[in-house]
Visitor: 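To start, I am sharing the structure in question, which I have written as structure tokens.
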Amino acid sequence: MCGIVGYAGPQASAPSSRPVDVALQGLARLEYRGYDSAGVAVIDDAGVQVTKRAGKLANLREALESTTATGGQVSIAHTRWATHGAPNDLNAHPHQGGRDGELAVVHNGIIENFASLRAELEGEGYTFSSETDSEAAAHLVAREMEQAGDLTEAMRRAAASLEGAFTLLAVHRDAPGTVVAARRNSPLVVGLGVGENFLGSDVAAFVDSTKEALEIGQDQVVTVTADSVSVIDFEGAEVTDAKRYTIEWDAAAAQKGGFDSFMAKEIHEQASAVADTLRGRIEDGALQLDEMEIDPSVLRSVDKIVVVACGTAANAGAVAKYAIEHWCRIPTEVELAHEFRYRDPVVTEKTLVVAISQSGETMDTLMAVRHAREQGAKVVAICNTRGSTIPREADAALYLHVGPEIAVASTKAYLGQIAACYLLGLFLAQVRGNLYPDEIAALMDDLEQIPDQIQQVLDSSAQVEQLAQDMKDASSVLFLGRHVGYPTAMEGALKLKEIAYIHAEGFAAGELKHGPIALVEEGQPVFVIVPSPRGRHSLHSKVVSNIQEVRARGARTLVIAEEGDDAVLPYADEVIRVPATRTLFAALLTVIPLQIFSCELATAKGLDVDQPRNLAKSVTVE
Ligand code: AGP
């Protein structure tokens, strides 16, 4: 969702090193988060200068070309994903505050008490010009600055009286070399440079300038100048233990590298993504998960697992259920995180909650994590983003190591999440003694073959690409699967909906005759994910029957099947082959043709594959 950038550096006049340019570069790096307007504020001799425009960054760049208001030592900038008020110039950030517009803020999140604050501030004579909740924060910090005369203290007082979720950055005419920021329930990270410092919603905002970062904790205020960074909490106490870390991501990882879209690039990175997730986890023949900082005795006492996640991450969780129950014999539920805490779930100290989130900032998942911990459950986070909130609040964190995922539609993180869930399941089976060491070793051996098999699927993508080109005018596509093929069908449908805007549904194939088969008419495209014929015979033969059922009603059957599975041939209009692996592990292969299909089809339709309409990369509001 909203992207935030802050910068404090030396006074620079050379183009591209001015604070305004640094801010724009940061915003460009955060475009992937999704936005509908953008803006920047700097401070020059004339005071706070704000430029903002609805639409893409190009509109902001054009507006900046015709202004001289680009000087100073600091900048704050923002890409907005509208919540309060339409995506127009007025509602875009930064918002100015104070009686003379002497302060500017950018804000990510939702301020829940903004209506009462606005009424109070209007009563005191502050003038509002937007429909946003954020403008109330601007005037509030400005008012506190009038009284305190210090921007850090003003931010601290204001932040302490805000309710809801916020990352708030402010600059003030009277502190022209300083950016102050506060955060509660919304992401913020500091980039530590030499003679310059950065603020960002995530490290992508500054990773091409510095790899050194500082985590800002919940309810903390950070004050940044060109050569200093200091942190206090909302009570005013100095924070001395803010965690410093080195960013592992390469700046090049956040570029397209010759592909048409980030999504295409990320799909083609999946062999190494899974290899990186698995790397270094086996030592002396045993599975090592050093990050599992939960006592083995606690893991042995677990009597239920609840996976909480949203969207693609929830589909990865649904795959995890099949693996964990099979290997560990622990009842496992998968719950959409936004439903979890509202249904009074049965969670005890013996429940292990697994929170899956690529970004680590999804508010629905974060709230589920907090609820679970309040009930006494231990939480393991499966996450791709170091330093993000969910792994920091969890009892243990398993990182994916798949590198930054820029496209809104998740692909390589999905495969990384599934691989990490397999590792977690095998680790639990090892700790609890559900599987013998040689069984775990055999499973790991097969898992380690998967990256090469992924590469084989990627190398034979031409057939699916052609299919997507041919089907670019399709208005509805169905996806069917059983066992781990069911979440794969859900994921295939989600990809097509979100980037190609085509009606798509994923079903458990067995559910078909209980209703959805009524949708099937002449020519209806139906993808069917077929489990290995070398697995349970009844599972394979049931899915083959499902293909026959839809074909008999006129469906065009697009079948994803293991190499050598000839039983599908009589009923398939098209067969897409994947290499043979265990039934459980096929989830890492069969989804790839579906990802390629969506990406290619959306590209053929001329759509913005990486930034689909209405969507944000990380959903930081509930
Ligand atoms: C994926 O393609 C989606 N855009 C979306 O469903 C995403 O997976 C979901 O919002 C969860 O995000 P997270 O993994 O960052 O928590």
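We count residues from 1, following the sequence as given. First listed ligand is number 1; within each ligand, the first listed atom is number 1. Since the model is a prediction, treat every value here as computed from it, not as a measurement.
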Visitor: Please list, in number order, the atoms of ligand 1 under 4.0 Å from a heavy atom of S410.
Guide: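 It comes down to these atoms of ligand 1: 1 (C), 2 (O).
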Visitor: Looking at K617 and E31, does any basic side-chain N land under 4.0 Å from a carboxylate oxygen?
Guide: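 A salt bridge is absent here (no side-chain N lies under 4.0 Å from a carboxylate O).
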Visitor: Has the side chain of Q358 got a donor or acceptor atom that lies under 3.5 Å from a matching backbone atom of S410?
Guide: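 No; judged by distance alone, with no hydrogens or angles, the pair does not exist.
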Visitor: Is the terminal nitrogen or CZ of R386 (NZ for Lys, CZ for Arg) located under 6.0 angstrom from the six-membered ring centre of Y245 and within 45° of that ring's axis?
Guide: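 Verdict for Y245: no cation-pi partner in R386.
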Visitor: What I want to know is whether V408 and ligand 1 share at least one N or O pair that is separated by under 3.5 angstrom.
Guide: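 V408 vs ligand 1: N/O contact under 3.5 Å present.
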Visitor: Once you measure the plane-to-plane angle for F527 and F597, does it fall in the parallel (<30°), tilted (30-60°) or perpendicular (>60°) bin?
Guide: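 Because their plane-to-plane angle is over 60°, the rings of F527 and F597 count as perpendicular.
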Visitor: May I ask you to decide if T167's main-chain N or O and R184's side chain share a donor-acceptor pair within less than 3.5 Å?
Guide: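 Flag not set: sc R184 to bb T167 has no pair under 3.5 Å.
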Visitor: Report, in ascending order of atom number, the atoms of ligand 1 lying under 4.0 Å from any heavy atom of Q358.
Guide: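 Contacts of ligand 1 toward Q358, numbered from 1: 13 (P), 14 (O), 15 (O), 16 (O).
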Visitor: Among all the protein's non-hydrogen atoms, which is closest to atom 7 (C) of ligand 1, and how far away is it?
Guide: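 Answer for atom 7 (C) of ligand 1: T312 N, 4.1 Å.
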Visitor: Which ligand 1 atoms are under 4.0 Å away from a heavy-atom of S359?
Guide: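 Taking each heavy atom of S359 in turn, ligand 1 has 13 (P), 15 (O), 16 (O) under 4.0 Å.
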Visitor: Give the single entry among A355, C310, A337 that approaches atom 11 (C) of ligand 1 most closely by any heavy atom.
Guide: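 Closest candidate by heavy-atom distance is C310.
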Visitor: Which residues pass the ring-ring contact (aromatic ring centres under 6.0 Å, His included) test with H78, not counting sequence neighbours?
Guide: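 Listed in chain order: H93.
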Visitor: Run the ring-ring contact (aromatic ring centres under 6.0 Å, His included) test against H268 and tell me which residues pass, sequence neighbours left out.
Guide: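 Only F259 meet the ring-ring contact (aromatic ring centres under 6.0 Å, His included) criterion with H268.
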Visitor: Do ligand 1 and T362 have nitrogen or oxygen atoms that lie under 3.5 Å from each other?
Guide: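 The answer is yes, given that T362 and ligand 1 share an N or O pair closer than 3.5 Å.
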Visitor: Please report which non-hydrogen protein atom sits nearest to atom 10 (O) of ligand 1, along with the residue it belongs to and the distance in Å to one decimal place.
Guide: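 Going atom by atom, the protein heavy atom closest to atom 10 (O) of ligand 1 ends up being V619 CG2, 4.2 Å.
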Visitor: Heavy atom of K495 under 4.0 Å from ligand 1?
Guide: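 Per 4.0 Å heavy-atom rule, K495 contacts ligand 1.
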Visitor: Quick one: does L615 get a heavy atom under 4.0 Å from ligand 1?
Guide: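 The answer is no: ligand 1 sits nowhere under 4.0 Å from a heavy atom of L615.
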Visitor: Would you kindly specify which portion of E498 sits under 4.0 Å from ligand 1, judged on non-hydrogen atoms: side chain, backbone, both or neither?
Guide: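 Answer for E498: side chain.
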Visitor: With a 4.0 Å cut-off on heavy atoms, does S618 reach ligand 1?
Guide: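 Flag not set, S618 not near ligand 1.
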Visitor: Between T312 and K495, do the side chains contain a donor N or O and an acceptor N or O under 3.5 Å apart?
Guide: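 Distance-only check passes for K495 and T312.
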Visitor: Could you tell me, atom by atom, which parts of ligand 1 come under 4.0 Å of a heavy atom of A313?
Guide: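 Every atom of ligand 1 under 4.0 Å from some heavy atom of A313: 8 (O), 14 (O).
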Visitor: Number the atoms of ligand 1 from 1 as they appear, then name those within less than 4.0 Å of a heavy atom of G311, with their elements.
Guide: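 With G311 as reference, the close atoms of ligand 1 come out as 6 (O).
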Visitor: I need the atoms of ligand 1 closer than 4.0 Å to a non-hydrogen atom of S357, numbered in the order shown.
Guide: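 Atoms satisfying the 4.0 Å criterion: 13 (P), 14 (O), 15 (O), 16 (O).
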Visitor: Only heavy atoms of A409, strictly under 4.0 Å: list the atoms of ligand 1 that pass.
Guide: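 Reading through ligand 1 atom by atom, the close ones are 2 (O).
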Visitor: Identify whether the distance between the nearest side-chain nitrogen and carboxylate oxygen of K412 and E405 falls below 4.0 Å.
Guide: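 The answer is no: the pair does not qualify as a salt bridge.
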Visitor: Strictly below 4.0 Å, N to O, side chains only: are R343 and E335 in salt-bridge contact?
Guide: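 Answer for the salt bridge query: yes.
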